[in-house]
Amino acid sequence: MTTLLGIRGLRAWHGHSQALFGVDLDVGEGEVVALMGRNGMGKTTTIRTALGLQRPCAGEVSFGGRPIVDLAPHRIARLGIGLVPEGRRCFPNLTVRENLVSAARRGPWTLDRTRRLFHRLAGRMDQRAVTLSGGEQQMLAIGRALMTNPRLLIMDEATEGLAPLVRQEIWSALDTLKSEGLAILVVDKAVGQLLAMASRCVILEKGKSEWSGPPDAVSADVAGRYLGL
């Protein structure tokens, strides 16, 4: 499998405190990787550092075989990475349509295709994002990332704080994206859904990659030790 995103020995700091102590992570073409670990173990920091939103102090990051650790975030995004950040962060005063086209790039993902994936958004194109429910805003954030026509979709807390029905709709949408061969790196607290969807899991412990393997190898011992289950 061709490696799309490669992270080696990634280290980073928050102010005077070291947050990452050596993260190793690969996402291959068409692969779904679950980035797992308890709260505060460095998952979001890993994503932010890999995408240039936070500067690393050491380590290597590549995308499509190209080093990206010194690139600005907008240049990294243009290489083909779509981010759905924690907390959604839609543009509140823009309409659904305006949010979706704000960073759109040419490719198979269009307004029509996004509406088909998320039916809830189809009748809300002219509503401002601030008027949407939390679940609808998350769908909008995913749709906005897809409209950049990425090679890799990164989702930080895919369904956190959402109603059960909406969570299921989002997991179903992600299953569709997986079946279409889109590479996905996903963080979420719903361990069962992650294990059902992922091709491979990487578990962080205190800012370091401590375990990696297929989802069916996440035993009760591994889950208890690293995930607090």
Output yes when a side-chain donor or acceptor of R124 lies under 3.5 Å from a complementary backbone atom of R120, and no otherwise. yes
When you group the ILVMFWY residues by side-chain heavy-atom contacts below 4.5 Å and let the links chain together, are L100 and L94 in the same group? no
Test item: R200 and V27 side chains (from C-beta on) under 4.5 Å apart, heavy atoms: no
Could you state the interatomic distance from CZ (F63) to CD1 (I81), rounded to the nearest 0.5 Å? 4.5 Å
Please evaluate residues M197 and W171 with respect to the criterion side chain to side chain contact (heavy atoms under 4.5 Å, CB included), reporting the C-alpha separation (whole Å), side-chain torsions for both, the decisive distance (0.1 Å), and the verdict. CA-CA 9 Å; M197 180 183 179; W171 287 118; 3.8 Å; yes
Distance col, row L132:CG vs Q138:CD, nearest 0.5 angstrom, shows 12.0 Å
So that I can tick it off, tell me whether D112 and R115 are bridged by a salt bridge, with the cut-off set at under 4.0 angstrom between side-chain N and carboxylate O. yes
Shortest non-hydrogen contact between G143 and T114, atoms and distance: CA-CG2, 3.8 Å
Can you tell me which residue among E210, E205, M36 is in a side-chain contact (heavy atoms from CB on, under 4.5 Å) with M41? E205
Over 12 foreign heavy atoms within 6.0 Å of CD, E60: no
Non-hydrogen side-chain atoms of R144 and F91 separated by less than 4.5 Å: yes
Does L83 share a hydrophobic cluster with V23, counting links as ILVMFWY side-chain heavy atoms below 4.5 Å and allowing steps through other members? yes
Ionic contact status for E31 with R151, cut-off 4.0 Å: no
Quick one, L140 with E136, criterion side chain to side chain contact (heavy atoms under 4.5 Å, CB included). Give me CA distance, side-chain angles, the key distance, then yes/no. CA-CA 6 Å; L140 178 56; E136 290 164 347; over 6 Å; no
Less than 3.5 Å apart, any donor N or O on the side chain of T95 or D126 sitting next to an acceptor on the other? no
With a 4.5 Å limit on heavy-atom distance, are the side chains of R75 and I68 in contact? no
For the student: nearest non-hydrogen atoms of P150 and G82, plus distance: CB-N, 3.4 Å
Side chain to side chain, W211 and V218, heavy atoms closer than 4.5 Å: yes
Consider only side-chain heavy atoms of I, L, V, M, F, W and Y, link residues closer than 4.5 Å, and tell whether V32 and W109 are in one cluster. yes
From CA spacing to verdict: side chain to side chain contact (heavy atoms under 4.5 Å, CB included), N39, K189: CA-CA 9 Å; N39 288 343; K189 293 182 177 64; 3.4 Å; yes
Looking at G42 and L20, what are the two nearest heavy atoms and their distance? O-CD2, 3.6 Å
Would V130 end up clustered with V96 when hydrophobic side chains under 4.5 Å apart are linked, directly or stepwise? no
From L152 atom CG to L79 atom CG, the distance as rounded to the nearest 0.5 Å: 11.0 Å
Are R8 and D26 within salt-bridge range, i.e. N to O under 4.0 Å? yes
d(L121 CG, Q127 CD) to nearest 0.5 Å is 9.5 Å
Taking NZ, NE, NH1 and NH2 as the nitrogens, is one of them in E157 or K43 under 4.0 Å from a carboxylate oxygen of the other? no
Least distance between heavy atoms, L111 atom then M147 atom: N-SD, 3.7 Å
A217 and V222: which non-hydrogen atoms are nearest, and at how many Å? O-CG2, 4.3 Å
Would you mind reporting whether I203 and L35 have side-chain heavy atoms less than 4.5 Å apart? no
Nearest 0.5 Å, please: how far is CD in E86 from CG in D188? 10.5 Å
I'd like to know if the side chain of R38 reaches the main chain of L227, judged simply by a donor and an acceptor atom lying under 3.5 Å from each other, with no hydrogens or angles considered. no
Do T49 and V61 come within less than 4.5 Å of each other through their side chains, counting heavy atoms only? no
L5 reachable from L153 in the ILVMFWY side-chain graph, under 4.5 Å edges: no
Decide if atom CZ of R225 counts as having more than 12 heavy atoms of other residues, nucleotides or ligands within a radius under 6.0 Å. no
Scan side-chain atoms only and decide if R128 and N93 contain a donor-acceptor pair under the 3.5 Å cut-off. yes
Sub-4.5 Å side-chain heavy-atom contact between Q168 and S172: yes
Closest non-hydrogen atom pair between I76 and G52, with its separation: CD1-N, 3.8 Å
From Q193 atom CD to T159 atom OG1, the distance as rounded to the nearest 0.5 Å: 7.0 Å
Would you mind reporting whether D24 and I7 have side-chain heavy atoms less than 4.5 Å apart? no
Could you walk me through whether M139 and I170 pass side chain to side chain contact (heavy atoms under 4.5 Å, CB included), step by step? CA-CA 7 Å; M139 293 175 185; I170 290 176; 4.3 Å; yes
R55 atom CZ, neighbour heavy-atom count above 12 within 6.0 Å: yes
